[in-house]
Number of protein chains: 2
Amino acid sequence: MDKTSKMDRRVKYTKMVIKESFIKLLHEKPITKITIREICDLSDVNRTTFYAHYHDQYDLLRQLQNELMTEIVSYLNQHTTDRAGTVSAETLEEIFSYIKEKAEICSLFLSDNVDTNFENQVIKLFHEWCISTWASKRLNSKLDMEYIYTFSAYGCIGVIKKWLDEGMVKPTGEMADFIIKMTSQGLGSLSQQSIFHT
Amino acid sequence: MDKTSKMDRRVKYTKMVIKESFIKLLHEKPITKITIREICDLSDVNRTTFYAHYHDQYDLLRQLQNELMTEIVSYLNQHTTDRAGTVSAETLEEIFSYIKEKAEICSLFLSDNVDTNFENQVIKLFHEWCISTWASKRLNSKLDMEYIYTFSAYGCIGVIKKWLDEGMVKPTGEMADFIIKMTSQGLGSLSQQSIFHT
DNA sequence: CACAAAAACCAACACAGTGTTGAAAAACCA
DNA sequence: TGGTTTTTCAACACTGTGTTGGTTTTTGTG
């Protein structure tokens with residue numbers, strides 16, 4: 001599972017400072033403007049050493065994103081032992097609390113300074129989870145189901161992004177309730193009128 | 001409005017071939033791997049000439065995105081003369097038809113090969129439109145309104161992405177109906193059970 | 001502790017892309 | 001045609017890339 005345990009101390013340190021420096025730089029500028037030289041200068045690591053561990057900046061980013069992703073997945077596996085494949089408000093609130101814990105890195109990976117890979121991974125995870133839990137349920141059609149999941153997944157990601165951008169002022173409980181309302185009754189439950197009409 | 005009219009023929013041609021080549025390359029690889037040299041080689045334009053018109057690849061991309069964006073805005077201004085600030089199913093279907101017309105460039109700008117700028121611009125446009133039309137309506141709170149718009153905007157973008165990826169097999173009319181259902185009654189109208197529960 | 005293995009460092013390399021220059025050639029428009 | 005604008009061209013210094021072979025340093029272990 002955790003490969004850092006059997007790692008050489010030197011490797012552990014090197015990877016750590018490289019990652020720290022890279023994240024620091026990502027806060028300042030888009031990944032397209034970040035050079036390997038720059039990362040090495042900041043982390044005081046030889047450029048040759050960087051190449052020994054990563055192919056380039058994008059490889060480094062992917063590794064960081066994957067690490068966070070597996071961490072999220074393991075968290076979800078521990079906390080979503082719900083019956084019948086639905087998520088309770090309490091669990092949802094826990095998930096928002098977890099995001100709050102990891103706010104710095106989450107908001108960074110969902111920001112404009114990086115690519116959409118992390119967002120896509122989250123969407124995909126949501127998808128797989130929906131497929132597995134919805135398999136037993138009746139739905140209008142296979143096609144619509146896919147679109148429903150997509151709308152909800154992107155809606156949730158967008159709301160999470162906004163929440164993070166605003167500094168998470170809205171309480172996690174309210175966020176959980178909001179998501180439930182949006183995914184169950186939709187706009188009708190929150191505003192008097194819809195945006196669109198027939 | 002259209003600045004191409006008063007442009008020198010040579011400028012018009014140069015910009016055209018550069019844009020064509022750039023879009024061609026964007027179909028093949030992410031923008032991060034595209035060099036100015038490459039664009040110039042493909043379009044048979046001197047590199048100095050490129051610098052006379054654009055700062056770099058990203059500047060070029062922005063200009064292309066802005067052009068498409070202003071085109072979309074002018075289209076919407078012509079077609080959404082709806083009363084009371086809501087969009088009819090017919091208008092929504094027209095919008096989907098328009099997206100279908102511009103499918104190649106839209107799907108490209110929403111793909112992983114480019115940044116999230118275009119997506120953000122669309123979201124922002126949706127936002128401004130909502131603010132102006134919702135101004136007169138009663139809502140639970142200012143804060144929730146913002147979140148509702150965000151959820152819907154991202155949901156719509158996600159569905160449009162998916163629709164484009166699938167080659168737009170689902171008819172525009174069905175897409176319009178789907179969006180209306182999602183933004184009015186939400187999941188409850190389409191499936192027997194919600195993903196989340198209280 | 002000592003020693004073999006592994007990792008990091010170093011200097012140097014060829015190569016490619018960048019952004020800018022000044023001047024010549026070509027194309028434009030009136 | 002003639003003056004203007006644009007493109008082209010060759011050359012420039014500079015920066016980042018990715019890889020080399022060899023040296024130094026650090027590590028885990030018997």
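By convention in this document, chain letters (A, B, ...) are assigned in the order of the sequence lines, proteins followed by strands, and residues within each chain are numbered from 1.
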Query raised in the report: Would you find more than 12 non-hydrogen atoms of other residues, nucleotides or ligands less than 6.0 Å from A:His53 atom NE2?
Result: yes
Report task. Just call it for A:Asp41: base, sugar-phosphate, or nothing, with non-hydrogen atoms closer than 4.0 Å on any strand. Result -> nothing
Query raised in the report: Between A:Thr49 and C:dC9, is there a side-chain N or O to OP1/OP2 distance below 4.0 Å?
Result: yes
Report task. Rounded to the nearest angstrom, tell me the gap between atom NZ in B:Lys15 and atom C1' in D:dT7. Result -> 15 Å
Query raised in the report: Among D:dG18, C:dG19, D:dT7, which nucleotide sits nearest the side chain of B:Tyr51?
Result: C:dG19
Requested in this report: Heavy atoms only: give me the nearest A:Cys106-A:Leu68 pair and the separation to one decimal.
Outcome: SG-CD2, 4.4 Å
Requested in this report: May I ask you to decide if A:Thr35's main-chain N or O and A:Glu38's side chain share a donor-acceptor pair within less than 3.5 Å?
Outcome: yes
Report summary line: Interatomic distance, CZ@A:Arg62 vs CG@A:Leu60, rounded to 0.5 Å, equals 11.5 Å
Report summary line: From CG of B:Asp56 across to P of D:dG16 the rounded distance in Å is 16 Å
Query - Below 4.0 Å: OP1/OP2 of D:dT7 and any side-chain N or O of B:Thr14 - result: yes
Report task. Nearest whole angstrom, please: distance from the P of C:dT18 to the OH of B:Tyr54. Result -> 16 Å
Report summary line: Here the distance between atom P of D:dT26 and atom OH of A:Tyr13, to the nearest Å, is 12 Å
Query raised in the report: Can you name the closest pair of heavy atoms from A:Phe50 and A:Val45 and give their distance?
Result: N-CG1, 4.3 Å
Query raised in the report: Between A:Gln57 and A:Ile34, is there a donor-acceptor pair closer than 3.5 Å when you use the side chain of the first and the backbone of the second?
Result: yes
Query raised in the report: Starting at CD1 of A:Ile39 and ending at C1' of D:dT15, how long is that distance when rounded to a whole Å?
Result: 16 Å
Report summary line: Nearest-nucleotide check on DNA chain C, B:Thr48 vs B:Arg37; residue mapping nearer the 5' end is B:Arg37
Query raised in the report: Which nucleotide, D:dC9, C:dA7, C:dT18, lies nearest any side-chain atom of B:Asn46?
Result: D:dC9
Report task. Decide, yes or no, whether a salt bridge links A:Glu67 with A:Lys19 under the criterion of side-chain N to carboxylate O below 4.0 Å. Result -> yes
Report task. Using atom CZ of B:Phe50 as one end and atom P of D:dC9 as the other, report the distance to the nearest whole Å. Result -> 18 Å
Query raised in the report: Taking any strand in view, what nucleotide pairs with C:dA30 in a Watson-Crick or G-U wobble way, both distances under 3.5 Å?
Result: D:dT1
Requested in this report: Specify the separation, in whole Å, of atom CG of A:Leu60 and atom P of D:dG18.
Outcome: 13 Å
Query raised in the report: Which part of the nucleic acid, if any, lies within contact of B:Thr35, taking any heavy atom under 4.0 Å across all strands shown: a base, the sugar-phosphate backbone alone, or nothing?
Result: sugar-phosphate
Report task. Please check the phosphate of C:dA7 (OP1 and OP2 only) for any side-chain N or O of A:His53 closer than 4.0 Å. Result -> no
Report summary line: Checking D:dT17, C:dG19, C:dA8 against the side chain of A:Ile36 (C-beta onward), the nearest is D:dT17
Requested in this report: Please state how far atom CE in B:Met16 lies from atom P in D:dT6, giving the value in whole angstrom units.
Outcome: 18 Å
Report task. Determine whether more than 12 heavy atoms belonging to other residues, nucleotides or ligands lie under 6.0 Å from atom NZ of B:Lys124. Result -> no
Please list, pair by pair, any protein nitrogen or oxygen found under 3.5 Å from a nitrogen or oxygen in nucleotides 27-30 of chain D.
residue, atom, partner, partner atom, Å
D:dG28, OP2, A:Arg9, NE, 3.1

